[in-house]
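Just below is one structure, and these are the notes that go with it.
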Amino acid sequence: MTLSSETSKPSAIFTEGSTMRHVLAMTGAASIGLMSIFVVDLLSLLYVSRLGDPDLTAAVGFATQVLFFSVSINIGLAIAIGALVSRAIGAGQRPAARRLAASGLVHVFVISALVSCAALPFRRDILELLGASGEALDVASTYLLFTLPATVGLGLGMALAGLLRAVGDARQAMYVTLSGAVATAILDPIFIFGLGLGVEGAAIVTIFSRIIFVVVGLIGAVYKHDLIALPRAGAAISDAPALMRIAIPAILTNVAAPAANAYSMRIFAHFGEPVVAAFAIMDRITPVAFGVLFALSGSVGPIMGQNLGARLYDRIRQILTNSFAFAAVYVVAVALILSQASPLIIGVFAARGQTAELLNFFCLTCGGLWFFLGGIFVANASFNNLGFPVLSTLFNWGRATVGTIPFVTIGAARFGPEGGFIGLIAGATLFGVFAVVMAYFVTARLARDSKDG
């Protein structure tokens, strides 16, 4: 079933009008859906923390780091699909856009399933490598038994939301993530407390939310926009090179962040479960506080992609400037709020001792980290969607290795977990500044090459 009206057909809406308005509108809608996920994840951890066992809180933290790898792979695939489909729409090639959308979803399903199946038998080994032990290890392993297979549904939902953003339907893309988040918010207390399932209950609810992601995404992409052609094996194989040229660098780029986090988690684990618990809590708070940056990096891609397809290079530079300015103002504002909200956060999570001390430290200093991470996010979005995905890979892995390992290791050895976190900020500063400069160089090169051609 499809709609016959012209309004249901994808059009290059981002090639006209105010670039800042497009950035704000797409980011605003994406933020609601994306941050709803982060808020519900935060609530899940809050519920677990209320069980009164720091080991359980630490277990969710360890499991989250493992899931972060699978999620990052799905993000890379979604970036590739959105980039190619938005370019095809910008160039007025609707049949190609529908074919690429179908092929992309096939690749997401196959790759997500393979990654999940490969990780399941080794989940305890991976958790031990991160520093998990005792009850935290056992609980985290059980949690992953449920949630790793559910990443397939999450990958498909993210890809479908990316397709909807590629055609400019930010509202429907928002509904994809918002629907699953609402279901989780309702079911989590029932399964965790009402049925007495604890952490396992939170994991089961995750499966339900991923199914809802996919259903709502298909309703928008298929029935509302007729954006997905019938999947065909031949088309999926022939489209694979174009998809993988963007997806592989994007996946490598996104896997860099969990790699850096995993190394940091291993370093922090040496200081005991209270430190890991603080790290786990901040891992859920910062996405809620700075989730708009994630939404911005995902939303600006289709806007750039359509303008690249239409060869409007001056608008691409405007979009880049708008995005950097918005990210900087947002981070400064949120950092000020977090610095004042520290006592409230500590009280809500019933943190004690070293966990409370670290939470207070994080709230006072994390703005410095995210100011420069915001620059990297926007720069990476420009690299992925303007034909330079390898640059995003280089910058992310540079920060994950050179910008993380020596800084965190030395900082933690000299000044404890606080010093390790300051090391993260120092590494992000180095690579964030360079990434912003390179993003402008790339846009200038595109404009120059177009004139020469």
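- Using cut-offs of 30° and 60° on the angle between ring planes, the pair Phe395 and Phe434 is perpendicular.
- Screening Gln318, Arg315, Arg317 for a side chain to side chain donor-acceptor pair (under 3.5 Å) involving Asn307 leaves a single residue, Arg315.
- Heavy atoms of other residues, nucleotides or ligands lying less than 6.0 angstrom from CZ of Arg414 number 12 at most.
- From Leu424, atom CG reaches atom OG of Ser264 across 4.5 Å, with rounding to the nearest 0.5 Å.
- The backbone N or O of Pro274 lies less than 3.5 Å from a partner atom in the side chain of Thr355, making a donor-acceptor pair.
- Of the possible donor and acceptor atoms, one in the side chain of Arg123 sits under 3.5 Å from a partner among the backbone N and O of Ser141.
- Within the model, atoms CG of Leu84 and CZ of Arg245 stand 8.5 Å from one another, a figure rounded to the nearest 0.5 Å.
- When atom types are taken as modelled, the side chain of Ser179 and the backbone of Val176 share a donor-acceptor pair closer than 3.5 angstrom.
- Checking side-chain atoms of Ser112 against main-chain N and O of Phe109 turns up no donor-acceptor pair under 3.5 Å.
- The shortest non-hydrogen separation linking Ala435 to Ala379 is O-CB, 3.6 Å.
- Here CD1 of Ile111 is found 9.0 Å from CG of Asn74. Values are rounded to the nearest 0.5 Å.
- Residues Val300 and Ile319 are in side-chain contact: their nearest non-hydrogen atoms beyond the backbone lie under 4.5 Å apart.
- The local environment of CZ in Phe208 is sparse, with at most 12 non-hydrogen atoms from other residues, nucleotides or ligands closer than 6.0 Å.
- Taking CD1 of Ile126 as the reference point, atom CG of Leu120 lies at 9.0 Å (rounded to 0.5 Å).
- Here the straight-line distance linking atom CG of Leu156 with atom CG of Leu105 works out to 6.5 Å at 0.5 Å rounding.
- Distance alone, capped at 3.5 Å, is enough to place a donor-acceptor pair between the Ser116 side chain and the Leu148 backbone.
- Residue Leu338 comes nearest to Ala289 through the heavy atom pair CD1-CB, 4.0 Å, listed as atom of the first residue, atom of the second, then distance.
- Annotation: ring pair (Phe, Tyr, Trp, His ring centres under 6.0 Å) contacts of Tyr330 (sequence neighbours excluded): none.
- Residues Val292 and Phe326 meet the side-chain proximity criterion, which asks for heavy atoms closer than 4.5 Å.
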Practice prompt. Check step by step if side-chain hydrogen bond (donor to acceptor under 3.5 Å, both in side chains) holds for Asn380 and Ser392.
Written response: CA-CA 5 Å; Asn380 283 343; Ser392 63; 4.6 Å; no

Worksheet entry | Working for side-chain hydrogen bond (donor to acceptor under 3.5 Å, both in side chains), residues Thr409 and Tyr263 | CA-CA 9 Å; Thr409 303; Tyr263 180 82; 2.4 Å; yes

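- The minimum heavy-atom distance between Pro121 and Asp125, with the atom names listed, is O-OD2, 4.5 Å.
- When ring centroids are compared, Phe415 and Phe421 stay outside the 6.0 Å threshold.
- Judged by distance alone, the side chain of Thr151 and the main-chain N or O of Thr147 form no donor-acceptor pair under 3.5 Å.
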Item to complete: Test Phe361 against Thr365 for side chain to side chain contact (heavy atoms under 4.5 Å, CB included), laying out the working first.
Response: CA-CA 6 Å; Phe361 180 81; Thr365 58; 3.8 Å; yes

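- In this structure, His107 contributes its side chain and Ala236 its backbone to a donor-acceptor pair below 3.5 Å.
- Once rounded to the nearest 0.5 Å, the distance linking OG of Ser342 with CG of Asn360 reads 3.5 Å.
- For the pair Val216/Gln172, a side-chain contact is recorded, criterion being any heavy-atom separation below 4.5 Å from C-beta on.
- The two residues Gly157 and Phe213 come nearest to each other via the heavy atoms CA-CB, 4.1 Å.
- The only option from Ile346, Leu359, Thr286 that meets the side chain to side chain contact (heavy atoms under 4.5 Å, CB included) definition with Ile281 turns out to be Leu359.
- The heavy-atom pair separating Val331 from Trp370 by the smallest distance is CG2-O, 3.8 Å.
- When all heavy atoms of Thr206 and Ala150 are compared, the pair lying nearest together is CG2-CB, 4.3 Å.
- Contacts of Phe431 classified as ring pair (Phe, Tyr, Trp, His ring centres under 6.0 Å), with partners at least two apart in sequence or in another chain: none.
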